Amino acid sequence: MSGSGVSSVHPYIPRELHLPDYVPCFLSMSSIIAVYGVASLLVVSLVWISSGRSPKISKTDRMLMCWWAFTGLTHIILEGYFAFSPEFYKTKSPFYLAEVWKEYSKGDSRYAGRDSAVVTVEGITAVLEGPASLLAVYAITARKPYSYTLQLAVCLGQLYGDTVYFITSFLEGDNFATSPFYYWAYYVGANFSWVVIPTIIAIRSWKKISAAFEAQKKSKAH
């Protein structure tokens, strides 16, 4: 690769996307996914095992703690790196976080191209929703009264981010994947959990909050 800044060597769509000094991935797709999978499994296992020591925490809450720990660290570490590393595609060594986004950009080249909507969504997610997700782990453990309100708020933030992410892609032509495989595996598949699970948790939290107000209303009536 020459140092002239020619961007035609990158694998992304559109081909005219300007990425001067682009450096291809060093790690294979399987290696990148394996590392993420093992790290995620380790986090979930540690939270599940440690939360099991308290008989006061239900299995449902233990599962929620696992999710919030996993999603919180993903937001802070992975998405935080992307938001504050505008030239990750130039990294000339197999630095894992840069490799993740070089690979993911095959499913959505807006990441490599630093699309303003994507950077904004990921930045907000990393700075606000990441720490809030970890706070939710503590809130569930300590049985804090704001637990359900916090979980509802974070879920709505995640779903809002999903909405902006998908709608802006649609409005811009929805043509940012190098192939149908990467489109479905990364753009759709990798984001699927952050649509379905926050929806389920948001509904549950709404019901819990509503039930608490209803119980309070009945107690006052008596």
Side-chain angles (χ1 to χ4, degrees), residues 33-84 96-97 100 104 118 120-166 186 188-222:
I33 294 175
V35 171
Y36 182 67
V38 170
S40 300
L41 181 61
L42 180 61
V43 169
V44 170
S45 298
L46 288 174
V47 174
W48 179 261
I49 293 171
S50 60
S51 63
R53 296 178 179 177
S54 174
K56 295 181 180 180
I57 304 177
S58 67
K59 286 187 176 180
T60 298
D61 281 337
R62 290 173 65 194
M63 292 173 63
L64 287 171
M65 290 170 63
C66 290
W67 163 255
W68 288 122
F70 160 74
T71 193
L73 291 175
T74 296
H75 289 334
I76 293 171
I77 298 173
L78 280 184
E79 293 167 277
Y81 173 80
F82 165 77
F84 299 104
Y96 179 74
L97 296 180
V100 168
Y104 183 80
V118 169
T120 300
V121 168
E122 296 290 11
I124 292 173
T125 299
V127 173
L128 297 181
E129 294 171 19
S133 296
L134 297 185
L135 179 60
V137 177
Y138 166 74
I140 295 171
T141 305
R143 306 174 70 85
K144 293 295 183 180
Y146 59 79
S147 174
Y148 294 117
T149 303
L150 175 63
Q151 292 181 68
L152 177 60
V154 179
C155 286
L156 292 179
Q158 290 175 325
L159 292 172
Y160 178 77
D162 293 333
T163 302
V164 172
Y165 177 67
F166 288 116
Y186 292 166
V188 176
N191 293 289
F192 182 75
S193 296
W194 277 275
V195 174
V196 175
I197 296 178
T199 298
I200 294 173
I201 296 176
I203 293 173
R204 179 178 184 269
S205 298
W206 178 274
K207 290 181 178 179
K208 291 287 187 179
I209 295 170
S210 297
F213 275 105
E214 188 64 28
Q216 184 181 44
K217 186 188 299 184
K218 289 182 179 179
S219 65
K220 288 182 177 180
H222 293 292

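Note that the structure is a prediction, hence the values are computed from the model and not measured.
Considering all non-hydrogen atoms of both residues, Val43 and Ala69 come closest at CG1-CB, 4.1 Å. Closest approach of Pro198 and Trp194 over heavy atoms only: CG-O, 3.2 Å. Smallest separation of non-hydrogen atoms from Ala132 and Val154: CB-CG2, 3.6 Å. Here the shortest heavy-atom pairing between Arg204 and Leu64 reads NH1-CD1, 3.2 Å. Here the shortest heavy-atom pairing between Gln158 and His75 reads NE2-NE2, 3.0 Å. Leu152 approaches Ala202 most closely through the heavy-atom pair CD1-O, 3.6 Å.
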Inset, instruction - Verify side chain to side chain contact (heavy atoms under 4.5 Å, CB included) between Val164 and Thr120, making sure each step is shown before the conclusion. - result: CA-CA 10 Å; Val164 172; Thr120 300; over 6 Å; no
Inset, instruction - Please report the C-alpha distance between Gln151 and Ile140 in whole Å, then the side-chain angles of each, then the deciding distance to 0.1 Å, and finally whether the side chain to side chain contact (heavy atoms under 4.5 Å, CB included) criterion is met. - result: CA-CA 9 Å; Gln151 292 181 68; Ile140 295 171; 3.7 Å; yes
Inset, instruction - Apply side chain to side chain contact (heavy atoms under 4.5 Å, CB included) to Ile57 and Met65, showing your working. - result: CA-CA 10 Å; Ile57 304 177; Met65 290 170 63; 4.1 Å; yes
Legend entry - Trace of the side chain to side chain contact (heavy atoms under 4.5 Å, CB included) decision for Tyr36 with Val100: CA-CA 9 Å; Tyr36 182 67; Val100 168; over 6 Å; no
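Here the side chains of Trp206 and Leu156 are not in contact, with every heavy-atom distance at 4.5 Å or above. Within the 4.5 Å cutoff, the side chain of Trp68 has no heavy atoms near those of the Val47 side chain.
The OH atom of Tyr160 sits 8.0 Å away from the CD1 atom of Ile124 when rounded to the nearest 0.5 Å. With rounding to the nearest 0.5 angstrom, the NZ atom of Lys56 is 12.5 Å from the OG1 atom of Thr141. Atoms CG and OG, on Leu128 and Ser133 in that order, are 10.5 Å from each other to the nearest 0.5 Å. To the nearest 0.5 Å, atom OG1 of residue Thr71 and atom CD1 of residue Ile197 are 8.5 Å apart. Atom CD1 of Ile201 and atom CH2 of Trp67 lie 6.5 Å apart (nearest 0.5 Å). Rounded to the nearest 0.5 Å, atoms CG (Asp162) and OG1 (Thr125) are 8.5 Å apart.
Legend: side-chain hydrogen bond (donor to acceptor under 3.5 Å, both in side chains) pairs involving residues 44-54, not counting sequence neighbours, sorted by first then second residue: Ser51-Arg62. Note on residues 127-155: no pairs pass ring pair (Phe, Tyr, Trp, His ring centres under 6.0 Å), not counting sequence neighbours.
Counting heavy-atom neighbours within 6.0 Å of Tyr81 OH, excluding the residue itself, gives a total above 12.
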